[in-house]
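Worksheet: the structure to be examined is printed underneath.
Only this structure's heavy atoms are used, side chains among them; waters, hydrogens and symmetry mates stay out.
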Amino acid sequence: MLNIVIFGAPGSGKGTQSAKLVEEYHLKHLSTGDILREEIKAGTELGKLADSYMSKGHLVPDGLVIDILDSLIGKHANAKGFIFDGFPRTLAQGEALSKMLEKHGEDIDVVLSLEVDEEELIDRLLKRGQISGRKDDNRETIESRLKVYHTQTEPLKDFYRRRGILKNIEGIGSIDEIFNSIEKEIDRIEK
Ligand code: AMP
């Protein structure tokens with residue numbers, strides 16, 4: 001299996017690059033944000049609970065997202081590999097992900113961290129809000145999400161750097177330029 005974590009702040013291009021990775025490497029894309037938005041759309045209890053956090057720009061509790069991921073990894077045990085997009089977002093999730101993969105004799109091969117400066121992130125998210133109408137892409141919620149990213153999610157970079165699997169990717173440029181840098185990193189590790 002080839003297991004990739006696509007990492008970065010909100011607006012860094014994780015979803016866009018994940019779509020290209022799926023096309024090129026035929027991996028199973030697991031985006032916790034997409035899964036939670038589907039739950040909200042379907043009006044499930046989980047969706048209602050998740051929405052109460054997401055609409056404020058807060059993280060959904062670890063236990064909920066870890067359970068979702070655990071069952072999806074089990075369900076797709078025959079996949080060629082996974083792209084984890086928007087997960088992990090806390091150290092607890094990072095530790096849980098390693099344990100979940102270990103159960104299947106697997107590990108994370110690489111963590112690709114898309115590096116984009118704050119000004120560009122805000123700009124992209126405000127634009128996305130206008131186009132997609134995503135409810136959490138408004139200035140107030142964006143600020144909260146960026147704060148949450150710096151305090152709760154960014155410490156994961158050290159966690160993965162210490163394991164020697166963190167790769168920083170310049171996240172500014174054309175979609176194809178950025179994808180080229182990603183491909184180079186993956187080709188280095190592909191088994
Ligand atoms: P995203 O689409 O990845 O930007 O996620 C949108 C929102 O979903 C986030 O701001 C969080 O509220 C929630 N969310 C997505 N993934 C996670 C996660 N791994 N842990 C906690 N909350 C999450």
inquiry  = Quick one, Q152 and H58 - any side-chain contact, counting heavy atoms below 4.5 Å?
reply    = no

message = So, taking the atom named CZ in F7 and the one named CG in N168, what distance separates them when rounded to the nearest 0.5 Å?
response = 10.0 Å

message = Could you see if L36 belongs to whatever hydrophobic cluster contains I142? Use Ile, Leu, Val, Met, Phe, Trp, Tyr and a side-chain cutoff under 4.5 Å.
response = no

ask   = So which heavy atom on I6 is nearest to which on S18, and how close?
value = CG2-OG, 3.4 Å

ask   = What is the distance from atom CD of Q17 to atom OG of S12, rounded to the nearest 0.5 Å?
value = 9.5 Å

key: Test: R161 cationic atom under 6.0 Å from F159 six-membered ring centre, within 45° of axis   = no

key: Short N-O contact, E115 and K157, less than 4.0 angstrom   = yes

query = Restricting to pairs with a member in residues 41-53, which pass salt bridge (charged side-chain N to carboxylate O under 4.0 Å, His left out), not counting sequence neighbours?
reply = E45-K48, D51-K135

query = Does the pair K147/E143 count as a salt bridge with the N-to-O cut at 4.0 Å?
reply = no

query = How far apart are the closest heavy atoms of P10 and R145, and which atoms are they?
reply = CB-NH2, 3.8 Å

message = Quick check: is Y160 connected to F84 through a chain of hydrophobic side chains (ILVMFWY, heavy atoms under 4.5 Å apart)?
response = yes

task = Enter the distance from I83:CD1 to H29:NE2 here, rounded to the nearest 0.5 Å.
result = 6.0 Å

request  = Rounded to the nearest 0.5 Å, what's the gap from CD on E24 to NE2 on H26? Could you check?
outcome  = 7.5 Å

request  = Measure across K14 and L114 and return the closest heavy-atom pair with its distance rounded to 0.1 Å.
outcome  = N-CD1, 3.7 Å

ask   = Between K20 and I175, is a side chain to side chain contact (heavy atoms under 4.5 Å, CB included) present by the stated rule, with each step listed?
value = CA-CA 9 Å; K20 291 188 72 76; I175 291 173; 3.5 Å; yes

message = In the structure I gave you, are the side-chain heavy atoms of L101 and N3 within less than 4.5 Å of one another anywhere?
response = yes

ask   = What are the two closest heavy atoms between G57 and S144, and how far apart are they?
value = O-OG, 3.3 Å

query = Do the side chains of V65 and I73 join up, straight or via other hydrophobic residues, at under 4.5 Å, putting them in one cluster?
reply = yes

key: Min side-chain heavy-atom separation I172-D117 under 4.5 Å   = yes

ask   = In terms of hydrophobic clusters joined by side-chain contacts under 4.5 Å, are M54 and L126 together?
value = no

request  = Answer yes when R89 and D62 have at least one side-chain N-carboxylate O distance shorter than 4.0 Å, and no when they do not.
outcome  = no

ask   = Are L125 and Y149 grouped together when hydrophobic residues (ILVMFWY) are joined by side-chain heavy atoms under 4.5 angstrom apart?
value = no

message = Please report the interatomic distance CG(L112) to CG(L21), rounded to the nearest 0.5 Å.
response = 7.0 Å

request  = Take R134 and R128, measure what side chain to side chain contact (heavy atoms under 4.5 Å, CB included) needs, and give me the verdict at the end.
outcome  = CA-CA 7 Å; R134 229 178 95 164; R128 186 173 74 184; 3.3 Å; yes

query = Is there side-chain contact between I189 and L2, with heavy atoms separated by less than 4.5 Å?
reply = yes

message = When you compare the side chain of D136 with that of S55, does any pair of heavy atoms fall below 4.5 Å?
response = no

key: Considering all heavy atoms, the nearest L121-A9 contact   = CD1-CB, 3.5 Å

message = Using only atom types and a distance under 3.5 Å, with no angle test, would you say the side chain of E177 pairs donor to acceptor with the backbone of S174?
response = yes

task = Please check if the side chain of K56 supplies one atom and the backbone of S52 the other of a donor-acceptor pair under 3.5 Å.
result = yes

request  = Search all heavy atoms of P88 against all heavy atoms of G94 and return the closest pair with its distance.
outcome  = CB-N, 3.4 Å

ask   = Hey, mind stepping through F87 and I66 against side chain to side chain contact (heavy atoms under 4.5 Å, CB included) and telling me if it holds?
value = CA-CA 9 Å; F87 183 94; I66 290 169; 4.2 Å; yes

query = Is the shortest heavy-atom distance from the side chain of T90 to the side chain of T153 under 4.5 Å?
reply = no

query = Which ILVMFWY residues are connected to L59, directly or by a chain of links, through side-chain heavy atoms under 4.5 Å apart?
reply = V148

task = Determine, step by step, whether L97 and V5 satisfy the side chain to side chain contact (heavy atoms under 4.5 Å, CB included) criterion, reporting the C-alpha distance in whole Å, the side-chain angles of both residues, the deciding distance to 0.1 Å, and the verdict.
result = CA-CA 10 Å; L97 179 58; V5 170; 4.1 Å; yes

query = How far does CD1 of I182 sit from CD1 of I4, to the nearest 0.5 angstrom?
reply = 8.5 Å

task = Please determine if E102 and K99 form a salt bridge, counting it only when a charged side-chain N lies under 4.0 Å from a carboxylate O.
result = no

query = Is there a side-chain contact between I178 and E170 (heavy atoms, below 4.5 Å)?
reply = no

inquiry  = Tell me whether K127 is salt-bridged to D137, with the criterion being a basic N under 4.0 Å from an acidic carboxylate O.
reply    = no

task = Tell me, please, which residues at least two apart from S71 pass side chain to side chain donor-acceptor pair (under 3.5 Å).
result = none

message = Are L30 and D85 packed together at the side-chain level, in the sense that at least one heavy-atom pair is separated by less than 4.5 angstrom?
response = no

ask   = Could K28 and F82 be counted as a cation-pi pair, given that NZ or CZ must be under 6.0 Å from the ring centre and within 45° of the axis?
value = no

